[in-house]
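Notes follow once the structure below has been shown.
Both backbone and side-chain heavy atoms feed into the values below; hydrogens, waters and symmetry mates do not. Every chain is numbered from 1, with letters handed out A, B, ... down the list of sequences.
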Amino acid sequence: MPELPEVEVIVRELSSRLSGEKIINVRTLWKKSFVPNNQEMPFEHNILSVTRKGKFIILNMDVCYILVHLRMTGQLIVTNSHNYDMRHLRVIFELESGDKLLFYDARKFGRIYLIDNLGKFFSNFGVDALSTEFDISYLKDIFNKRKARIKSFLMDQRYIAGLGNIYIDESLFRAGVHPSTAVHKLSYKKIVQLHGAIRETLEHAIMNMGTTISNYMTTGGGFGNNQYYLRVYGRENESCYTCGTKIMKIRLNNRGTHFCPKCQPVK
DNA sequence: CTAATCACCTGAAGGC
DNA sequence: TGCCTTCAGGTGATTA
C-alpha cells in the first residue's frame, strides 16, 4: 500500500496519539504478521516516540522497538471502540489508556517486528529519501556504473529508502526521464533534476496527506488527497497535462509503469 | 556481484 | 448472476 508520504502522515498522527502511552498486551490473530510469531506474549512497554525510516514505522520503547511495515494493504488504526471490525484484523495492541492499536492487512504481506537493535536491522538499508544525506552527490555515487533501468533501481530500498511504484513514476515524469533509461546513462543535469523531482513529489504528497487509491487511510480513518494531483500514475490513455500526448502504461519488472512518451523520451 | 523474475495472499474490477 | 483472468502503494528468495 503505502510509500514514504503515506507512512510519514501515519507516523505524525501516531506520534501525537501514542507517545507516552503504554502497551500492556499484544494479541496476534495471524501468526506471520508478528515476527516473534507468538499468539500471546507478556508485554509491557512504554512508547517514548514514533518515528520512520523509509517505509518502516518505528515505535521507540524503553528497551526495544516495534517496527511496522504495511507492505501493500496494511493499515494501522487507533480506536477506543469495543466494537471494531474483525475482517482482516491481524494484530491487536492493547494500551493502558483503554485505546487499541489495530493492525489490519487484507493480503497478509505486512509485517510487525519486535527487535532490540535498530542499526543491525537497517544495516543493508539506503538513506531515507527525505533525509539530508540524500543529496545530489549521493545520487551520483550510487548511479555510477549501474546498468539497471532507473525505475527498478529506484525501487531498491538498499540505495534510497521510501520510494515505491507511484512516486517513482511521478518523479521520473517531473524530471523528464524515461523509466527504462539505464542508470549510468543519466547526465549530471538529469541527476540534478531527478533529485529535485523526487523531493518535490514526496513533499507535495505529504502536504496532501498521501495518495488513497484503494485502501490507504490515516490512523483515524481519514483519506489522502494526492490521488487528485497525480500526473502519470493511473492515467494511461489520458492526455499529458504538459503536452497533450497520451500517457502510456508498460510493464517493467512486473510493475505497472506510467509515463509520457514525449516528455520522457528514450535516451 | 548484479539484474530480472517468481512467490507470497486476497479482493476488486473487467470481459464474456 | 457467475466464472475466469488480470491487476494491485512491496519485497524476500530464487534464478540466470
Which of residues 248-258 of chain A sit near DNA chain C, with a heavy atom under 4.0 Å from it?
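Hits under 4.0 Å, by residue number: K249(A), R251(A), R255(A), G256(A).
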Using the salt bridge (charged side-chain N to carboxylate O under 4.0 Å, His left out) rule, collect all pairs that involve residues 111-126 of chain A, keeping only residues at least two apart or in two chains.
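Sorted pair list comes back empty.
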Residue pairs fulfilling salt bridge (charged side-chain N to carboxylate O under 4.0 Å, His left out) with at least one residue in residues 77-93 of chain A, sequence neighbours excluded
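Every candidate salt bridge (charged side-chain N to carboxylate O under 4.0 Å, His left out) pair involving residues 77-93 of chain A fails, so no pair, neighbours aside, qualifies.
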Give the residues of residues 156-165 of chain A touching DNA chain B, defined as any heavy atom closer than 4.0 Å, sorted by residue number.
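Output list: empty, so none.
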Sorted by number, the residues of residues 101-109 of chain A with heavy-atom contact under 4.0 Å to DNA chain B
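Here the set is A106(A), R107(A), K108(A), F109(A).
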Assign Y233(A) to base, sugar-phosphate, or nothing according to its heavy-atom contacts below 4.0 angstrom with the strands shown.
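Y233(A): backbone/sugar contact only, no base atoms under 4.0 Å.
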Determine the contact category for R87(A): base if any of its heavy atoms lies under 4.0 Å from a base atom, sugar-phosphate if only primed atoms, P, OP1 or OP2 are that close, otherwise nothing.
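R87(A): backbone/sugar contact only, no base atoms under 4.0 Å.
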Under 4.5 Å side-chain heavy-atom separation, chaining through any Ile, Leu, Val, Met, Phe, Trp or Tyr, what else clusters with [X]? Say none if it is isolated.
X	result
I250(A)	M248(A), L252(A), F259(A)
V232(A)	F173(A), I247(A)
Y228(A)	Y229(A)

Would you grab the first and last nucleotide of DNA chain B (5' to 3') that comes under 4.0 Å of any non-hydrogen atom in chain A?
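For DNA chain B, the relevant span reads dT2(B) to dA12(B).
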Would you tell me whether Y233(A) and T211(A) have side-chain atoms, one donor and one acceptor, within less than 3.5 Å of each other?
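No, T211(A) and Y233(A) have no side-chain donor paired with an acceptor closer than 3.5 Å.
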Apply the test ring-ring contact (aromatic ring centres under 6.0 Å, His included) to residues H195(A) and F134(A): give CA-CA distance (whole Å), side-chain angles for both, the deciding distance (0.1 Å), then the verdict.
CA-CA 8 Å; H195(A) 175 265; F134(A) 174 58; 4.9 Å; yes
Taking only Watson-Crick and G-U wobble pairs with both distances under 3.5 Å, what dot-bracket line describes DNA chain C, where [ ] shows pairs that cross earlier ones and | shows pairs with another strand?
.|||||||.|||||||
Roughly how many Å apart are dC6(B) and dT6(C), using the P atom of each and rounding to a whole number?
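So the two P atoms sit 14 Å from each other.
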Taking NZ, NE, NH1 and NH2 as the nitrogens, is one of them in D99(A) or R17(A) under 4.0 Å from a carboxylate oxygen of the other?
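Result for this pair is yes, salt bridge flagged.
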For K151(A), check side chain to side chain donor-acceptor pair (under 3.5 Å) against everything at least two apart and list the hits.
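Scan of K151(A) (side chain to side chain donor-acceptor pair (under 3.5 Å), adjacent residues dropped) gives N165(A), D169(A), T257(A).
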Those residues that, when tested against R199(A), pass side chain to side chain donor-acceptor pair (under 3.5 Å) (two or more places apart):
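R199(A) satisfies side chain to side chain donor-acceptor pair (under 3.5 Å) with no residue once adjacent residues are dropped.
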